Amino acid sequence: MFKQEEPKACQVSKTLANKQIPRITTGGRGCHLGGYHEFRKLGPRLPKTFYDVGYESVSAPGPLFGKVTWTSTAMAEGEEVLPLPTSGDEGWEKDLEEALEAGGCDLETLRNIIQGRPLPADLRAKVWKIALNVAGKGDSLASWDGILDLPEQNTIHKDCLEFIDQLSVPEEKAAQLLLDIESVITFYCKSRNIKYSSTLSWIHLLKPLVHLQLPRSDLYNCFYAIMNKYIPRDCSLKGRPFHLFRLLIQYHEPELCSFLDTKKITPDSYALNWLGSLFACYCSIEVTQAIWDGYLQQADPFFIYFLMLIILVNAKEVILGQESDSKEEVIQFLENTPSSLNLEDIEDLFSLAQYYCSKTPASFRKDNHHLFGSTLLGIKDDDADLSQALCLAISVSEILQANQLQGEGVRFFVVDCRPAEQYNAGHLSTAFHLDSDLMLQNPSEFAQSVKSLLEAQKQSIESGSIAGGEHLCFMGSGREEEDMYMNMVLAHFLQKNKEYVSIASGGFMALQQHLADINVDGPENGYGHWIASTSGSRSSINSSVDGESSNGSNDRGMKSLVNKMTVALKTKSVNVREKVISFIENTSTPVDRMSFNLPWPDRTCTERHVSSSDRVGKPYRGVKPVFSIGDEEEYDTDEIDSSSMSDDDRKEVVNIQTWINKPDVKHHFPCKEVKESGHMFPSHLLVTATHMYCLREILSRKGLAYIQSRQALNSVVKITSKKKHPELITFKYGNSSASGIEILAIERYLIPNAGDATKAIKQQIMKVLDALES
């Protein structure tokens, strides 16, 4: 075997998907792993692993993920470098055995002894029981009558019998083991009032436990504990845990996420049994036990998400190369990816998972903690629908806490996307302003602002500014209608495959409320003074604006700070980037912060109805005018997704030019369909004598489109536009009567010639209504 002397110092890093990733210790070893090596695709094992040591490079045989056992010097100055324990260290197994025999041993004690080493097979059962907190627990099945009489009992028996056959158990033990497994599943179903299905991963989940040769009582207790703590609630097709996993993929690997989205491959289609069986469904028993050794010692149910993420990231190049493969072929490849794991890979699997975990906002866990644990803390009806989330949401409290961090940890570069007047009235003092209105009003200026933003982010990180952070967090107002434009900006960054993109949960409104809440405990509460305004006026969160600050120097300092940013953002010259960078460089140390009361700017909007002089033909049939060509309401509550067919696979595919040339098509308007999420899709509006069609282009099939929408013209009850963005047209469909209007669907389009389009559509609507009346 190739040997290499340990260098005195080496820079700790790892190449993964074109990133330099520091190796993180596993199992609480108290030191870091080191060296460079290739992180290779899951699949055929390569003969060599590459290591880079200082200025010298050598090759050495290595496993799938590689294995490095050097000590890192990439740590805080003065930190003690501890020797890395190896499997050859003597005494620890004896210490572990003695601790287990003594009784009363807790998980922390076990971690300190094991330090991430492979567990001895004869001690694994005891360690797992302590990790699952079932050591010494009584027989939960003692009071059960043992009757196997569930309606689905035949299915349970059949699945258990097939499982026993796969285990190659001696005939004299097979019958008892079959009864034990069937009893565990049956009693669990009865006690939890759950209907068993073969699609569940319970049989696979029992496999590692059965190999421990536990008595039935311990088998049930361990199974129950794993189901309760480590298998997320709603672990099923289209379940919430998989929507959350997609957001995690998007956060770290947006290119990979975009590719899978394009293929319409959702995580539940390939990772259902990954999560449901904790990899036991696909990995060998030895690999599964090694994964569970580390996972149960972590005692963090969310860590499985990062293990799944690393498996995907490791196969990224292969996945992206499957563009020409069918959806089913890609799913099959993804589903079987964990089967390529070997025992030698587990250390690096955990090391990389810990790295990605350290680069993930805490809100990922905190906002989704109800996925695991007791059903008494289940998902509430008002919890956000993660399937509709544009990106990962970050709590405002985490944003503020992150701004106080010095050194390591997730740091946010906050981008305030509210209109200028709201930003000027008050904003987070470290926030960069990017007016989302520019995206429609002045695309070239918006592009320059985005370029300046990214450069400012880079410079702020390099200069150590309190505003600096790798992670982009976009902040809106907190009002759904206003934030639609921010969502467009967000979608722009996501479409560019920008990593670490998130949104501030609840927007600036939530930030105000949070600061008001923490001020209740006292004005000196850690981060209670982070709001600034361009005027530099000062007030309290809980009181009205009271004029100029008595502290002139603080006030001038804040004015200077914010004015630098305001001037930089409003300057349209080529020097805008340099001015923004100047702002960042001059805020490398914390500034004096003040607290402000921020009343929301009044936004009065007038809707102009169609008058009798505007139309051709007769008035509506005894009903007041219901559609307008004018300014759209700012706080419209009629937000209904008009996409009756969300799955493009079920939509009709048509030739665009053929439809445009149809004799019954009276008008054709190229446009972009705008979804509530902010995503825009190249489309075509076609108007016939009675209907309006939206054809959404299929980017991968030039000249073809889906029939995205088909609406009767007489169902149009309102047509509105924004005064600021006259090209953004909203069509509202529904029923109108003397008692009012019922909105059934809403569609938005960005139409270059919006005036001509709305005039033509309005005239056609009038003709339809007149025809109906006559």
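Since we're looking at a predicted model, the values are computed, not measured.
Residues meeting the side chain to side chain contact (heavy atoms under 4.5 Å, CB included) test with Ala353, sequence neighbours left out: Phe303, Phe306, Leu307, Ile310. For Asn487, there are no side-chain hydrogen bond (donor to acceptor under 3.5 Å, both in side chains) partners, not counting sequence neighbours.
A side chain to side chain donor-acceptor pair (under 3.5 Å) with Tyr733 holds for exactly one of Glu747, Lys718, Glu742; it is Glu747. Checking Phe302, Tyr295, Tyr305 one by one against Tyr230, the ring pair (Phe, Tyr, Trp, His ring centres under 6.0 Å) holds for a single residue, Tyr295. If you run side chain to side chain contact (heavy atoms under 4.5 Å, CB included) between Gln250 and each of Leu494, Val501, Asn497, Leu392, only Leu494 comes through.
Salt bridge annotation for Lys316-Glu255: present, with a cationic side-chain nitrogen under 4.0 angstrom from a carboxylate oxygen. Taking a cutoff of 4.0 Å between a charged side-chain nitrogen and a carboxylate oxygen, Asp325 and Lys263 do not qualify as a salt bridge. Taking 4.0 Å as the cut-off between side-chain N and carboxylate O, Glu673 and Lys675 count as a salt-bridged pair.
Aromatic pair Phe493/Phe474: ring centres closer than 6.0 Å. Ring pair His471/Phe413: centre-to-centre distance not below 6.0 Å. Close placement of the Tyr251 and Tyr500 rings is indicated, their centers lying within 6.0 Å of each other. Aromatic pair His204/Phe279: ring centres not closer than 6.0 Å. For His427 and His433, the ring centers sit 6.0 Å or farther from each other.
In plain terms, the two heavy atoms of Glu470 and Gln457 that are nearest each other are O-NE2, 3.0 Å. Across all non-hydrogen atoms, the minimal contact from Asn273 to Thr199 is OD1-O, 4.2 Å. Across Tyr749 and Ser709, no two heavy atoms sit closer than the pair OH-CB, 4.3 Å. Shown here for Pro752 and Cys671, the closest heavy-atom pair between the two residues is CD-CA, 4.3 Å. Here the shortest heavy-atom pairing between Tyr485 and Leu728 reads CE2-CD2, 3.5 Å. Nearest heavy-atom pair, Ser358 versus Val410, reported as atom, atom and distance to 0.1 Å: O-CG2, 3.6 Å.
Under the 4.5 Å side-chain criterion, counting only non-hydrogen atoms from C-beta, Met227 is in contact with Leu205. Contact check for His492 versus Lys496: side-chain heavy atoms found under the 4.5 Å cut-off. Using a 4.5 Å cut-off on side-chain heavy atoms (C-beta onward), His514 and Leu400 make contact. Looking at Met486 and Ile503, their side chains come closer than 4.5 Å, going by heavy atoms from C-beta outward.
Geometrically, Arg418 does not engage Tyr423 in a cation-pi contact defined by less than 6.0 Å to the ring centre and at most 45° from the axis. Judged by the 6.0 Å and 45° rule, Arg748 forms no cation-pi pair with Phe731.
In the displayed structure, Gln441 atom CD is contacted under 6.0 Å by more than 12 heavy atoms of other residues, nucleotides or ligands. Atom CD of Glu323 sits in a sparse spot, with 12 or fewer heavy atoms from other residues, nucleotides or ligands closer than 6.0 Å.
Checked by atom type and distance alone, the side chain of Ser683 pairs as donor or acceptor with a backbone atom of Phe681 at under 3.5 Å. Put simply, the side chain of Asp234 gets close to the backbone of Arg240: a donor and an acceptor are under 3.5 Å apart. Under a 3.5 Å cut-off, the side chain of Lys238 and the backbone N or O of Asp268 do not form any donor-acceptor pair.
Ring planes of Tyr693 and Trp659: perpendicular class, angle over 60° (limits at 30 and 60°).
The list of salt bridge (charged side-chain N to carboxylate O under 4.0 Å, His left out) pairs with a residue in residues 388-403, not counting sequence neighbours, is empty.
No side-chain N or O of Asn336 forms a donor-acceptor pair with one of Gln332 less than 3.5 Å apart. When only modelled atom types and interatomic distance are considered, Ser477 and Asp483 share a side-chain donor-acceptor pair under 3.5 Å.
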